Amino acid sequence: MRTRPLKVALLGCGVVGSEVARIMTTHADDLAQRIGAPVELAGVAVRRPSKVREGIDPSLITTDATALLKRGDIDIAIEVIGGIEPARGLITTAFEHGVSVVSANKALLAQDGAALHAAAEQHGLDLYYEAAVAGAIPLVRPMRESLAGDKINRVMGIVNGTTNFILDKMDSTGAGYQEALDEATALGYAEADPTADVEGYDAAAKAAILAGIAFHTRVRLDDVYREGMTEVSAADFASAKRMGCTIKLLAILERAADGASVTARVHPAMIPLTHPLASVREAYNAVFVEAEAAGRLMFYGPGAGGAPTASAVLGDLVAVARNKLAEATGPGESAYTQLPVSPRGDVVTRYHISLDVADKPGVLAQVATTFAEHGVSIDTVRQQGKDGEASLVVVTHRAPDAALSGTVEALRKLDTVRGVASIMRVEGE
Ligand code: NDP
Ligand code: HSE
């Protein structure tokens with residue numbers, strides 16, 4: 001075993017970074033054996049240097065991350081600051097100074113992954129980011145390496161721990177949205193700005209990364225259709241229950257049947273209680289990957305939190321350190337298929353639509369005619385009347401998003417339709 005250590009710069013020492021530092025210290029001997037050389041924490045960049053950080057040698061703390069990377073003795077940087085800047089500039093500086101990078105930063109990778117991969121390749125270095133998608137779950141590497149000989153056609157799953165935690169609490173305990181979000185934040189699951197979680201940006205960033213890997217194409221964050229979960233109400237859960245369903249925020253990536261394009265979307269959806277994703281509780285994530293030869297694979301585990309995410313970061317650290325010793329690099333970006341991303345209107349799925357209507361003769365027929373005129377076939381209708389008003393719940397067969405949008409627009413114009421209370425996709429059947 002080499003005795004000269006590989007030197008690691010830790011950029012960020014918050015929820016994830018502090019756990020990375022702890023495990024690097026407590027498991028130092030095992031890591032050295034697995035890598036073939038010791039890995040030494042050579043510097044820790046933070047924003048607030050005076051904050052007490054248990055288990056970290058205060059002499060390692062700096063607020064000048066750039067100077068740390070330029071020092072000349074750093075082999076690997078672990079970026080767990082988050083956000084776009086200064087993370088992007090620091091990763092670029094790392095590459096310019098011969099430093100390979102491990103990152104957990106999905107927001108940055110979804111936005112600038114192509115440029116960062118190109119910079120890593122130009123300098124003959126590694127860029128690894130298993131922790132950026134689905135916390136502790138090994139997913140990026142299995143998709144990129146173990147399934148490299150297969151053809152992935154579909155990926156569907158829960159990729160945000162915070163929103164799954166909130167939806168699970170709302171469903172199982174009747175907790176309010178804010179109360180559940182506060183608990184998820186206190187547990188270290190939420191992003192620095194939890195809007196990224198609840199409005200679906202975090203899941204959309206992960207969806208873009210996964211779609212790129214799955215389909216060997218570039219999928220930008222803007223290509224991902226995104227709806228958050230802030231509008232999901234107790235009434236939606238009650239409706240879902242009546243249908244034998246629950247509600248999850250899903251990321252769904254699909255290759256078109258003709259193979260010529262892909263779709264990527266993130267939105268809340270009703271799924272049957274019998275579907276394996278329905279039993280994914282708290283901040284756990286689960287992802288189905290459907291590949292031509294392998295069939296259907298399910299990846300499941302903790303999707304957020306300091307220690308689980310640190311596990312994924314350390315797995316990357318070991319891989320990158322081994323590459324360093326072998327004077328090699330791991331696989332870079334694979335985007336050779338250059339498939340276009342289809343617009344949202346092309347997506348075909350089932351819908352659950354809840355309407356507030358006048359409770360009088362002919363209304364049901366009028367509503368049914370509107371669906372038929374737009375080519376959307378109805379599966380079930382349930383009506384509940386009260387004081388001249390009624391609530392009408394329509395579940396459709398599979399229909400293109402564009403046809404459903406046209407139907408809803410026409411429904412809103414009917415005198416007898418007082419309002420469209422909710423529209424939710426139904427998946428997993
Ligand atoms: P935190 O907010 O807990 O930690 C951020 C760290 O970055 C802090 O130590 C902070 O310093 C430091 N920092 C902020 N700005 C600077 C700067 N300009 N220079 C140097 N250091 C800086 O975030 P998390 O640990 O939760 O997340 C880190 C990354 O990991 C993000 O990309 C996130 O998306 C990702 N991630 C997080 C998961 C989780 O469950 N939390 C799961 C998977 C990925 P200080 O301590 O002084 O404030
Ligand atoms: N905020 C993210 C989540 C962290 O809740 O899933 C893990 O990526």
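Note that ligands are numbered from 1 as they come in the structure, with each ligand's atoms numbered from 1 the same way. This structure is a prediction, so every number in the text was calculated from the model and none was measured.
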For [atom], find the nearest protein heavy atom and state the residue, atom name and distance (0.1 Å precision).
| atom | result |
| --- | --- |
| atom 28 (C) of ligand 1 | V80 O, 3.3 Å |
| atom 31 (C) of ligand 1 | G82 CA, 3.5 Å |
| atom 12 (C) of ligand 1 | G12 CA, 3.9 Å |
| atom 39 (C) of ligand 1 | G188 O, 3.6 Å |
| atom 33 (C) of ligand 1 | E191 OE1, 3.5 Å |
| atom 35 (C) of ligand 1 | A104 O, 3.4 Å |
| atom 26 (O) of ligand 1 | V15 CB, 3.6 Å |
| atom 47 (O) of ligand 1 | R48 N, 2.6 Å |

Between [X] and [Y] (salt bridge meaning N to carboxylate O under 4.0 Å), is one present in this structure?
| X | Y | result |
| --- | --- | --- |
| K248 | D168 | no |
| E130 | R144 | no |
| R154 | E292 | no |
| R412 | E409 | no |
| K241 | D171 | yes |
| R218 | E333 | yes |
| D73 | K7 | yes |

Is the contact between [X] and ligand 1 made by the side chain, the backbone, both, or neither, using heavy atoms and a 4.0 Å cut-off?
| X | answer |
| --- | --- |
| E79 | neither |
| A131 | backbone |
| V16 | both |

**OP:** Look at the rings of H267 and Y225 and say which category their plane angle falls in: under 30° parallel, 30 to 60° tilted, over 60° perpendicular.
**Re:** tilted
Original post:
In terms of heavy-atom contacts, does CZ of R242 have more than 12 from other residues, nucleotides or ligands at under 6.0 Å?
Top reply: yes
Subject >> Enclosure of E96 CD (heavy-atom neighbours >12, cutoff 6.0 Å) >> reply: yes
Could you tell me if any non-hydrogen atom of [X] lies under 4.0 Å from any atom of ligand 1?
| X | answer |
| --- | --- |
| P86 | yes |
| A65 | no |
| G135 | no |

**OP:** Answer yes or no: is there a donor N or O on one side and an acceptor on the other, between the side chain of R2 and the main chain of L325, under 3.5 Å?
**Re:** no
Subject >> Backbone of E282 reached by a side-chain donor or acceptor of N164 within 3.5 Å >> reply: yes
Proximal ligand 1 atoms for [X], defined as those under 4.0 Å from one of its heavy atoms:
| X | value |
| --- | --- |
| G305 | 39 (C), 40 (O) |
| T309 | 38 (C), 40 (O), 42 (C), 43 (C), 44 (C) |
| A304 | 40 (O) |
| C13 | 6 (C), 8 (C), 9 (O) |

Ligand 1 N/O within reach of [X] N/O, cut-off under 3.5 Å:
| X | value |
| --- | --- |
| R53 | yes |
| D202 | no |
| A190 | no |
| G14 | yes |

Original post:
Protein heavy atoms: any of them under 4.0 Å from atom 23 (O) of ligand 1?
Top reply: no
Original post:
Is there at least one protein heavy-atom neighbour under 4.0 Å from atom 2 (O) of ligand 1?
Top reply: no
Subject >> Neighbouring protein residues of ligand 2 - any heavy atom closer than 4.0 Å >> reply: K106, N160, G161, T162, Y189, A190, E191, D197, D202, K206, G303, A304
Original post:
S342 and S261: side-chain donor and acceptor closer than 3.5 Å?
Top reply: yes
Original post:
Looking at residues at least two apart in the chain, or sitting in another chain, which of them share a ring-ring contact (aromatic ring centres under 6.0 Å, His included) with F237?
Top reply: none
Original post:
Which residues pass the ring-ring contact (aromatic ring centres under 6.0 Å, His included) test with Y201, sequence neighbours left out?
Top reply: none
Subject >> Qualifying residues under side chain to side chain contact (heavy atoms under 4.5 Å, CB included), relative to Y284, sequence neighbours excluded >> reply: V280, Y300, P302
Original post:
To which of V44, I81, L11 does the heavy atom nearest atom 7 (O) of ligand 1 belong?
Top reply: I81
**OP:** Indicate, with yes or no, if the rings of H275 and F288 have centres closer together than 6.0 Å.
**Re:** yes
Original post:
Checking R255 against F215: charged group under 6.0 Å from the ring centre and within 45 degrees of the axis?
Top reply: no
